[in-house]
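Since this is a predicted model, take the numbers as computed values, not measurements.
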Amino acid sequence: MSPLWTAVGVWLLLWAANVAIARSRYSGRPLARIAAPILFGVSVLVLWQGAVAAFDVSPVILPAPTAIAAAFAASAGILWEDWVQTVAKGALSGFAI
């Protein structure tokens, strides 16, 4: 089966789960209110990954979510240092002043 059809199938399952959460008697509870947006975000990532793989999109134009996650994981140290420099030392000290 092609990656696109797999992604569409997973998206339909997650969509059905979102509809079930919205229609359930527990829809107003905190866990249900958090689960629906998380499921939506996961479904968007699954469709994105499937479309990139199925249409063989160049990573220069649109990288796959898995490639982005791998780049983040490989650069975690420098990203943390940049975050500390920007937020902890720059923005928070400026806000305090």
Side-chain angles (χ1 to χ4, degrees):
M1 189 179 329
S2 107
L4 182 62
W5 290 114
T6 303
V8 168
V10 171
W11 174 72
L12 287 171
L13 287 173
L14 292 172
W15 182 18
N18 261 339
V19 169
I21 289 171
R23 290 183 179 167
S24 76
R25 63 182 180 151
Y26 303 110
S27 63
R29 296 199 176 168
L31 182 61
R33 290 189 349 215
I34 292 171
I38 289 174
L39 286 175
F40 176 74
V42 169
S43 68
V44 168
L45 290 175
V46 166
L47 278 176
W48 177 5
Q49 180 72 34
V52 167
F55 297 119
D56 199 26
V57 178
S58 170
V60 174
I61 295 173
L62 182 65
T66 53
I68 295 171
F72 268 99
S75 305
I78 192 70
L79 289 173
W80 175 253
E81 291 174 17
D82 289 345
W83 184 87
V84 168
Q85 179 67 32
T86 302
V87 176
K89 293 181 180 176
L92 291 179
S93 62
F95 181 72
I97 292 171

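Using a 4.5 Å heavy-atom threshold, the side chains of Leu47 and Val10 count as separate. The shortest distance between side-chain heavy atoms of Pro3 and Thr6 does not fall below 4.5 Å.
The structure places CD of Glu81 at 11.0 Å from OG of Ser75, a figure rounded to the nearest 0.5 Å. The structure places CZ of Phe40 at 9.5 Å from CH2 of Trp11, a figure rounded to the nearest 0.5 Å. Rounding to the nearest 0.5 angstrom, the gap separating the CG atom in Leu45 from the OG1 atom in Thr66 is 10.0 Å.
In terms of heavy-atom proximity, Trp48 sits nearest to Ala64 at NE1-CA, 4.5 Å. Residues Leu79 and Phe72 share a closest heavy-atom pair of CD1-CD2, 3.4 Å. Of all the heavy atoms in Gln49 and Pro65, the pair that sits closest is OE1-CD, 3.1 Å.
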Criterion side-chain contact (heavy atoms from CB on, under 4.5 Å) on Asp82 and Gln85, from CA distance to verdict: CA-CA 5 Å; Asp82 289 345; Gln85 179 67 32; 5.6 Å; no
Test Val46 against Ser43 for side-chain contact (heavy atoms from CB on, under 4.5 Å), laying out the working first. CA-CA 5 Å; Val46 166; Ser43 68; 5.6 Å; no
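No continuous path of ILVMFWY side-chain contacts below 4.5 Å connects Val44 to Leu13, so the two sit in separate hydrophobic clusters. Residues Val42 and Val8 are members of separate hydrophobic clusters, defined by side-chain heavy-atom contacts under 4.5 angstrom among Ile, Leu, Val, Met, Phe, Trp and Tyr. When the side chains of ILVMFWY residues are joined at heavy-atom separations under 4.5 Å, either directly or via intervening members, Ile21 and Trp15 end up in two distinct hydrophobic clusters. The hydrophobic clustering, which links ILVMFWY residues whose side-chain heavy atoms are closer than 4.5 Å, places Ile68 and Phe55 together. Leu31 and Leu39 end up in different hydrophobic clusters when Ile, Leu, Val, Met, Phe, Trp and Tyr side chains are linked at under 4.5 Å.
Remark: side-chain polar atoms of Ser93 are paired, donor with acceptor, to backbone N or O of Gly90 under 3.5 angstrom.
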